[in-house]
Novice: 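Below: one structure in structure tokens.
Quick note: numbers below take in every heavy atom, side chains included, and nothing from hydrogens, waters or symmetry partners. Throughout, a chain's letter reflects where its sequence line sits, starting with A, and its residues are numbered from 1.
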Amino acid sequence: MSYKSTKSLDNRMDLPEIENRCKSFWAENNTYRYDNSRSREETFVIDTPPPTVSGSLHIGHIFSYTQTDVIARYQRMSGKTVFYPIGWDDNGLPTERRVQNYYNITCNPSLPYDPNFKPEHNEQDKSPRKEVSRKNFIEACETLTSSDEIVFENVFKNIGHSYDWNIKYTTIGAGSIKVSQESFIDLYEKGELHLMESPTMWDVTFQSAIAQAEVEDKEIQGFFHDIKFPIEGTDDYVVIATTRPEFLPACISIVAHPDDERYKKYFGKKVLVPLFDTPVEIVASDHAEMDKGTGIMMVCTFGDAADVAWWKQTGLPLKQIIGLDGCLLDVEFGKGAFVSNNPERANGFYKQLAGLSTKQAREKIVQLLRENNYLACEPRPLTHTVKFYEKGNLPLEFVTSRQWFITLQDKKDAMVAMGRKIKWKPEHMQYRYEEWVRGLNQDWCISRQRFFGVPFPVWYKLDDKGNADYEHPMLADRSQLPVDPMIDCPKGYTEAQRGQPNGFIGDKDIMDTWATSSLTPQIALEAAESDKLGLPFDIRPQAHDIIRTWAFYTIAKAMMHENTIPWKEILISGCILDPDRKKMSKSKGNVVTPQHLIDTYGADSIRYWASRARLGVDTAFEEQIMAQGKKLVNKIFNASKFVFTIVENSKLNGVSDYRKFITEPLDKAWQSKIYAMVKQATESFSTHDYATALDVIEKRFWDFCDNYLEIVKKRAYAPEDCSAVASLMETIDTFLRVFAPFCPFITEEVYQARPWAAATDKVSLHNVMWPQSSEYADIANADGALYDAVSAITAEIRKAKTAANVSQRTQVQKAVIAAPDASLNLIKEGLVDIRNVCGLQENALSFVSAAELAVNDIELDLTELPQKAS
RNA sequence: GGGUGCUUAGCUCAGCUGGAAGAGCAUCUCGUUUACACCGAGAGGGUCGGGAGUUCGAACCUCUCAGCACCCACCA
């Protein structure tokens with residue numbers, strides 16, 4: 001299929017029309033298709049980040065994704081086939097949350113499937129959420145994500161990203177589930193997985209376990225509560241300051257520093273926990289710091305991570321009072337771990353707390369403490385940082401539950417070593433990775449008590465009483481994958497045995513979304529059905545805020561599965577800051593939508609803006625740069641249009657083998673400048689430094705428009721001159737190719753309209769070769785000095801005219817150039833052009849040999865310039 | 001508390017292994033209608049965050065101080 005532009009460029013540049021033409025041309029020609037027949041050496045393999053489809057794209061996505069696309073386009077033009085997949089990250093909590101809000105529904109797994117339920121957009125509805133079955137909920141997720149994905153796809157196509165849309169995956173798709181489950185089975189067989197019941201960080205909003213990487217600190221308002229703990233059998237007491245008095249019933253130890261003179265006398269004695277009269281020992285440990293709070297603290301199950309460590313270390317009984325919903329459980333004092341010297345009084349107090357949320361319980365218990373004279377003083381306000389799930393809005397709790405863990409803590413050294421085999425760009429991002437690895441203090445909890453995600457390929461046997469045997473999980477056979485244990489049966493069982501004594505149950509949890517995302521290279525290969533490619537890929541582009549998740553987990557999995565690095569290089573993009581230097585994000589409400597910007601400035605201009613920023617450098621959102629990009633696009637169009645007109649009126653019209661006509665010294669000098677530009681740009685691209693490449697190209701392009709084009713204009717009009725025309729053709733041809741990765745639309749439009757295209761030539765510019773040094777063999781060593789000299793003289797004459805307030809078209813009566821003989825001889829080679837561009841009258845130019853000047857020094861004396869005609 | 005990066009013109013940013021401070025925008029002046037008003041020519045504007053050191057020579061190397069941003073840890 002051929003490109004639909006007219007042969008000549010239209011008078012006005014119509015960007016939306018050009019963009020539409022290009023999009024359909026590329027789609028119909030498979031311009032960006034990955035060629036599986038090429039060897040690995042001839043392939044550039046990218047591990048594209050699948051964007052989360054749980055909302056709208058913002059300009060930050062466009063920014064970093066475009067930078068990758070520029071790199072991909074360069075690689076494609078330099079002769080490689082590019083493996084450039086695109087995926088949508090649609091599984092997991094962000095989607096569930098969006099679905100809950102969008103349809104005003106929530107999942108209740110105990111409900112039966114309702115085949116007639118159709119989710120409807122109901123975001124304004126403030127009534128309680130309608131409860132739907134697990135299957136209905138998953139269907140609602142699928143409905144919404146697939147419509148979200150169309151929006152994303154359109155924006156990415158509108159901005160001109162050159163993905164191979166045939167290699168598309170979603171993280172909830174069957175391929176992703178299969179790969180994730182294979183990964184699970186492989187790690188299980190390698191002994192890297194364990195199912196464990198232990199206190200885990202728990203988000204009460206979403207009611208799921210979460211991993212260390214998803215924890216975020218937040219500053220919140222709280223209170224110090226100074227509580228009197230009576231010493232058992234005395235009238236004495238110690239005052240303990242705590243921010244979480246609701247944990248009093250779960251107190252297991254009282255701790256002070258061994259050197260603390262204030263408390264030495266109490267070690268070994270017991271306190272009676274206020275209200276509950278539980279005897280708890282006062283222990284000496286450097287776990288406590290003397291200068292914090294009152295220097296003496298209570299340990300509860302579990303106020304924080306330190307409490308968990310203490311509990312594990314001491315082996316004291318567990319007093320679990322927080323339930324999965326974040327509310328206080330109904331426990332009874334005098335039973336189990338809940339000892340009391342006065343169970344009746346303890347239960348009386350506790351009954352007022354049971355069922356309350358932690359926040360409500362805190363208020364209630366403060367009231368009870370006050371009424372019973374346990375408060376040493378009124379609560380003192382403080383701001384402190386508390387751990388949150390990054391997507392949650394209530395502090396994390398530590399709750400005991402059964403979860404799947406991947407062993408990571410024993411692999412810190414190996415992970416650091418793997419990280420060092422990867423080339424990080426910018427380099428310092430590697431430190432961030434290593435710091436995270438070294439600070440790792442938990443294994444990776446990969447199970448989530450949610451619904452829309454990858455199920456575990458696991459069932460559990462039930463004994464004759466219907467109790468599950470978690471010690472011996474039954475894993476799916478690889479041939480069964482993808483599998484849903486809530487629907488499919490383990491081998492050797494029938495559906496009728498589900499939930500029955502001596503039967504089985506399926507694992508109802510889903511995997512952490514990162515357990516899937518950490519396999520994006522493998523998932524992309526699965527989607528492409530590629531047998532040629534494998535790990536490592538060439539590059540992983542990503543943002544720095546997910547080094548501890550996406551990069552880290554991907555490196556971990558590649559190491560555990562294949563003992564390799566997942567990619568040779570990782571390119572970390574910066575993020576977009578709003579003009580106040582704050583990070584742009586949806587939650588802050590300062591996001592500008594990409595489509596609006598594309599409509600305003602055109603896709604190429606937005607790409608220009610993104611390409612100007614260097615990798616890893618945060619950039620302020622600056623619309624003026626996009627306006628600048630639009631000027632560049634306009635200039636490319638107009639300069640090309642002008643050259644095309646010249647070509648069409650010349651003897652070289654329709655000649656594709658024009659390069660040999662470049663014979664004039666000035667034209668050759670100019671071509672050597674172009675050659676130097678290509679060389680520099682190529683070198684920059686070899687280290688993925690697209691920004692420097694663009695800088696070099698753009699500078700030379702403006703020089704072309706402002707100077708070279710003006711200099712040779714007159715000569716190019718002359719019908720007998722071929723050198724100038726050929727040089728202009730060559731120049732435009734080269735600029736189109738080097739601008740192509742940055743501005744694919746305007747360059748394609750212009751390229752397709754070039755009058756020197758062979759009639760059969762219907763190839764997209766983006767499948768054309770990046771300029772190769774062999775094309776410039778004859779001028780590789782040519783001297784650009786003549787061009788510099790002519791430019792310098794031109795500039796001087798222009799300056800003189802501006803100073804005289806006259807038009808640049810004013811004819812100069814007399815100009816004297818002083819320079820050493822060598823320079824004069826050089827300059828004389830460009831005499832005609834100097835005269836043309838400067839409006840010098842015949843014989844107006846004279847030369848003075850000035851041996852005292854250096855070779856590059858040229859002095860110009862404009863002695864007679866006409867005054868401005870009034 | 002630990003780490004990383006940044007600080008250059010009014011703004012946004014370049015400036016490679018040390019060798020006469022740069023671009024774009026903005027401002028001001030002038031010009032311009034046969035590629036382009038999404039135009040052109042020019043001008044002004046900086047003690048390169050402060051201080052010390054190394055060097056013939058420092059925006060660049062070393063030390064130090066300050067400010068900004070981000071990451072990690074701690075948080076009774």
Novice: Does the structure show a Watson-Crick or G-U wobble partner for B:rC70, both distances under 3.5 Å? Name it, or say none.
Specialist: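 B:rG3 is the nucleotide pairing with B:rC70.
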
Novice: Could you give the distance separating B:rC39 and B:rA26 at their P atoms, to the nearest angstrom?
Specialist: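 After rounding to an integer number of Å, I get 10 Å for this pair.
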
Novice: Please classify the nucleic acid contact of A:Tyr717 as base, sugar-phosphate, or nothing, using heavy-atom distances under 4.0 Å.
Specialist: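 Sugar-phosphate, backbone atoms only, no base.
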
Novice: Quick one: look up who B:rA14 pairs with, Watson-Crick or G-U, both distances under 3.5 Å, and put none if it's unpaired.
Specialist: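 Matched B:rA14 with nothing under the 3.5 Å cut-off.
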
Novice: Should the ring pair A:Trp310 and A:His287 be called parallel, tilted or perpendicular, given that the plane angle runs from 0 to 90° and is split at 30 and 60?
Specialist: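 If you compare the ring of A:Trp310 with that of A:His287, the planes turn out parallel.
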
Novice: With under 30° as parallel and over 60° as perpendicular, where do the rings of A:Trp444 and A:Tyr553 fit, or are they tilted in between?
Specialist: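 Rings of A:Trp444 and A:Tyr553: parallel, under 30°.
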
Novice: Using atom P of each nucleotide, how far apart are B:rG19 and B:rU27 to the nearest Å?
Specialist: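 The same atom, P, in both gives a distance of 34 Å.
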
Novice: Consider the side chain of A:Thr385, meaning its heavy atoms from C-beta on, and name the nucleotide among B:rA35, B:rC71, B:rC74 that approaches it most closely.
Specialist: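 Minimum distance to the A:Thr385 side chain belongs to B:rC74.
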
Novice: Taking A:Arg614 as the fixed residue, which of A:Thr619, A:Asp689, A:Thr692 is the one that meets the side-chain hydrogen bond (donor to acceptor under 3.5 Å, both in side chains) rule?
Specialist: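 The passing option is A:Thr692.
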
Novice: On RNA chain B, compare the nucleotides closest to A:Trp436 and A:Tyr431; which residue's is nearer the 5' end?
Specialist: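 The answer here is A:Tyr431.
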
Novice: For nucleotides B:rG42 and B:rC68, find the distance between their C1' atoms and express it as a whole number of Å.
Specialist: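 One C1' to the other, the span is 37 Å.
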
Novice: Given atom CZ of A:Phe63 and atom C1' of B:rC13, what is their separation to the nearest angstrom?
Specialist: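 Checked: the CZ to C1' distance equals 12 Å.
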
Novice: If you measure from the C1' atom in B:rA43 to the same atom in B:rA58, how many Å do you get, rounded?
Specialist: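 So the two C1' atoms sit 30 Å from each other.
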
Novice: Roughly how far apart, to the nearest Å, are B:rU7 and B:rG50 at atom C1'?
Specialist: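 Nearest-Å result for B:rU7 against B:rG50 at atom C1': 11 Å.
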
Novice: Below the 4.0 Å mark, does B:rA14 have OP1 or OP2 next to a side-chain nitrogen or oxygen of A:Lys699?
Specialist: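 For B:rA14, neither OP1 nor OP2 has a side-chain N or O of A:Lys699 closer than 4.0 Å.
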
Novice: Of all residues at least two apart in sequence or in a different chain, which pass the side chain to side chain contact (heavy atoms under 4.5 Å, CB included) check with A:Phe552?
Specialist: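 So A:Phe552 forms a side chain to side chain contact (heavy atoms under 4.5 Å, CB included) with A:Leu408, A:Met415, A:Tyr433, A:Trp436, A:Val437, A:Leu440.
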
Novice: When we call it a touch if two heavy atoms are under 4.0 Å apart, what does A:Gln212 touch: a base, just sugar-phosphate, or nothing?
Specialist: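 Here A:Gln212 touches the backbone only, sparing every base.
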
Novice: When you compare B:rG51 with B:rC70, how far apart are their C1' atoms, in angstrom units rounded to a whole number?
Specialist: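 Going atom to atom, C1' in each nucleotide, I get 27 Å.
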
Novice: Hey, does A:Asp304 reach any base, or is it just sugar-phosphate, or nothing, if we go heavy atoms under 4.0 Å?
Specialist: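 Contact class for A:Asp304: sugar-phosphate only.
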
Novice: Please give the distance between the P atoms of B:rA52 and B:rC60 as a whole number of Å.
Specialist: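 The answer is 13 Å between these two P atoms.
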
Novice: What nucleic acid atoms does A:Arg548 come within less than 4.0 Å of, heavy atoms only: base, sugar-phosphate, or nothing?
Specialist: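 A:Arg548: backbone/sugar contact only, no base atoms under 4.0 Å.
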
Novice: Please name all residues satisfying salt bridge (Lys or Arg N to Asp or Glu O under 4.0 Å) with A:Glu219, sequence neighbours left out, ordered by chain then number.
Specialist: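 So A:Glu219 forms no salt bridge (Lys or Arg N to Asp or Glu O under 4.0 Å) with any residue.
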
Novice: Is A:His384 touching bases, backbone alone, or none of the nucleic acid, heavy atoms closer than 4.0 Å?
Specialist: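 No contact.
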
Novice: Apply side chain to side chain contact (heavy atoms under 4.5 Å, CB included) to A:Tyr237 and list each qualifying residue two or more places apart in sequence or on a separate chain.
Specialist: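 A:Tyr237 satisfies side chain to side chain contact (heavy atoms under 4.5 Å, CB included) with A:Lys228, A:Val239 once adjacent residues are dropped.
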
Novice: Can you pull the salt bridge (Lys or Arg N to Asp or Glu O under 4.0 Å) pairs that have at least one residue in residues 282-300 of chain A, sequence neighbours excluded?
Specialist: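 Sorted result for residues 282-300 of chain A: A:Glu289-A:Lys292.
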
Novice: Using a cutoff of under 3.5 Å, can you pull out all pairs of nitrogen or oxygen atoms linking the protein to nucleotides 40-42 of chain B, with atom names and distances?
Specialist:
from, atom 1, to, atom 2, distance (Å)
B:rG40, OP1, A:Lys635, NZ, 3.1
B:rA41, O2', A:Arg798, O, 3.4
B:rA41, O2', A:Thr802, OG1, 2.4
B:rA41, O2', A:Gln808, NE2, 2.9

Novice: What interatomic distance, in whole Å, is found between P of B:rU62 and the corresponding atom of B:rA9?
Specialist: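 Taking atom P in both B:rA9 and B:rU62, they lie 23 Å apart.
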
Novice: By the salt bridge (Lys or Arg N to Asp or Glu O under 4.0 Å) test, which pairs, at least two apart or in different chains, include something from residues 240-261 of chain A?
Specialist: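 Listed by first then second residue: A:Arg244-A:Glu246, A:Arg244-A:Glu397, A:Glu246-A:Arg362, A:Asp260-A:Arg262, A:Glu261-A:Lys264.
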
